[in-house]
There are 2 protein chains.
Amino acid sequence: MQVSARGEYAVRISVTLAHGHPRTISASTLAAAQELPRKFAEVILGDLRRAHLVDSVRGVEGGYRLSRAPEDISVGEVLRAVDGPLSEIRGRRPEETSYEGAAVNLPRLWVAARAAVRSVFDGVSLAQAATGEFPLRVAELTAEEDAWMPR
Amino acid sequence: MQVSARGEYAVRISVTLAHGHPRTISASTLAAAQELPRKFAEVILGDLRRAHLVDSVRGVEGGYRLSRAPEDISVGEVLRAVDGPLSEIRGRRPEETSYEGAAVNLPRLWVAARAAVRSVFDGVSLAQAATGEFPLRVAELTAEEDAWMPR
DNA sequence: TTGAATCCTACTTGATAGATAGGATATGCT
DNA sequence: AGCATATCCTATCTATCAAGTAGGATTCAA
């Protein structure tokens, strides 16, 4: 479950937009707020716009705003918009994998792993990510101390 | 949750070793069984050996075998041995992330996502992966039809 | 008309994945 | 001893991609 710089930036930007919703915020302001390169932020906002997750307004007083309510956009949608599918196995979708011999059951494992990832990223809205009020199922995952330990 | 070619190959090799356990199997045989490049399989088996997940025997009749019982090695261990940590956010561990402003709650989200991935990969042994008899919690994730659909 | 913003195209740079090559070294069998 | 079959080691290659930068064209409100 690698999240790229693009992915991380996109979520930080989106959460910032959610926080200020429905005001429009400029790329420079967003970049400054999250301390990320302005030009790169512009590129990412372009991706989000093309995915119809944000609307943009040109000109002075222009900027970006979420195209839907923050409660209605999931973190998963944002990640997919900039990084593609949440889960890939050697560049393929989990359900597209297929093996011979002792490995025949692996597709089910890949699908299970994807489902687990989805349950978190598709289950958390930008509004929840901004407030920190995660769904119970997600909050439980962080409750055990072990979840915070590297392995 | 991207699984690289190395990771996929490593799991396929490990599951094949689990299936034949405790016989030793040569790199060429393993590569042929799973239709992967022999030299690359050797490299991966070297990683698994250095991680103490497999033992090797040199010479004629040599090869590789799991260093522990297939019930006692998780898929997660195999993936970590060849690909490093299961989850990284812009190259950092989830619990090492830290943000300002509207993004302050994101570390909890990253940790939750990692916990979800771990619950699958650390919860499934090579023996289970080989037989397809996954733990109930994992099997449930693949039960819903939606889990098999791309998004 | 001017200033501030988005938007577009192109480019650079470094790292990494995914191999492949060739041979040194170990081991068992005859 | 000699040979076949393995592992093991070091090095190299190549294409792709992530991450970020550059420069300017376009839009729009005051």
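We name chains A, B, ... by the order of the sequence lines, and we start the count at 1 in each one.
A sub-4.0 Å separation between OP1 or OP2 of C:dC7 and a side-chain N or O of A:Ser56 is present. OP1 or OP2 of D:dA6 has not a single side-chain nitrogen or oxygen of B:Arg38 nearer than 4.0 Å. OP1 and OP2 of D:dG20 both lie 4.0 Å or more from every side-chain N or O belonging to B:Arg90. Taking 4.0 angstrom as the limit, A:Arg58 places none of its side-chain polar atoms (N or O) nearer than this to OP1 or OP2 of C:dC7. Remark: A:Arg6 is not in phosphate contact with D:dA19, judged by side-chain N or O atoms under 4.0 Å from OP1 or OP2. Taking only side-chain nitrogens and oxygens, B:Tyr64 comes nearer than 4.0 Å to OP1 or OP2 of D:dC8. The phosphate of C:dA19 (OP1 or OP2) has a side-chain N or O of B:Tyr9 nearer than 4.0 angstrom. In terms of phosphate contacts, A:Ser28 brings no side-chain nitrogen or oxygen within less than 4.0 Å of OP1 or OP2 of C:dA4.
Look at CZ on A:Phe40: it is 15 Å from P on D:dC17, rounded to the nearest Å. Rounding to whole angstrom units, CG of residue A:Leu79 and P of D:dA18 are separated by 14 Å. In this structure, A:Asp47 atom CG and D:dA18 atom P are separated by 11 Å, rounded to whole Å. Atom CD of A:Glu42 is separated from atom C1' of D:dG23 by 12 Å (rounded to the nearest Å). Here C:dT20 presents its P atom at 11 Å from CG of B:Leu36, a figure rounded to the nearest Å. Per the geometry, CG belonging to A:Asp55 stands 14 Å off P belonging to D:dC28, to the nearest Å.
No hydrogens or angles were tested; on distance alone, a donor-acceptor pair under 3.5 Å links the side chain of A:Lys39 to the base of D:dG23.
Checked against D:dG20, C:dT20, D:dC8, the side chain of A:Pro37 finds its nearest nucleotide in D:dG20. Of the listed nucleotides (D:dA22, D:dC28, C:dT6), D:dC28 has the atom at the smallest distance from the side chain of A:Val60. Here the nucleotide nearest the side chain of A:Ser26, chosen from C:dT6, C:dC7, D:dC8, is C:dT6.
Taking the charged nitrogens against the carboxylate oxygens, A:Glu88 and A:Arg92 have no contact shorter than 4.0 Å, which rules out a salt bridge.
Side chain to side chain, B:Ser67 and B:Asp55 fail the donor-acceptor criterion of an N or O pair below 3.5 Å.
With A:Arg68 as the partner, the side-chain hydrogen bond (donor to acceptor under 3.5 Å, both in side chains) test is satisfied by one option alone out of A:His52, A:His21, A:Glu77: A:Glu77.
In this structure the side chain of B:Arg137 reaches within 4.5 angstrom of the side chain of B:Ser119, judged on heavy atoms.
Residues A:Glu61 and B:Ala27 each lie close to DNA chain D; by heavy-atom proximity, the contact nearer the 5' end of the strand is made by B:Ala27. When the nearest nucleotides of DNA chain C are assigned to A:Val43 and A:Gly62 by heavy-atom distance, the more 5′-ward of the two goes with A:Gly62.
Across B:Ala51 and B:Ala81, no two heavy atoms sit closer than the pair CB-CB, 3.6 Å.
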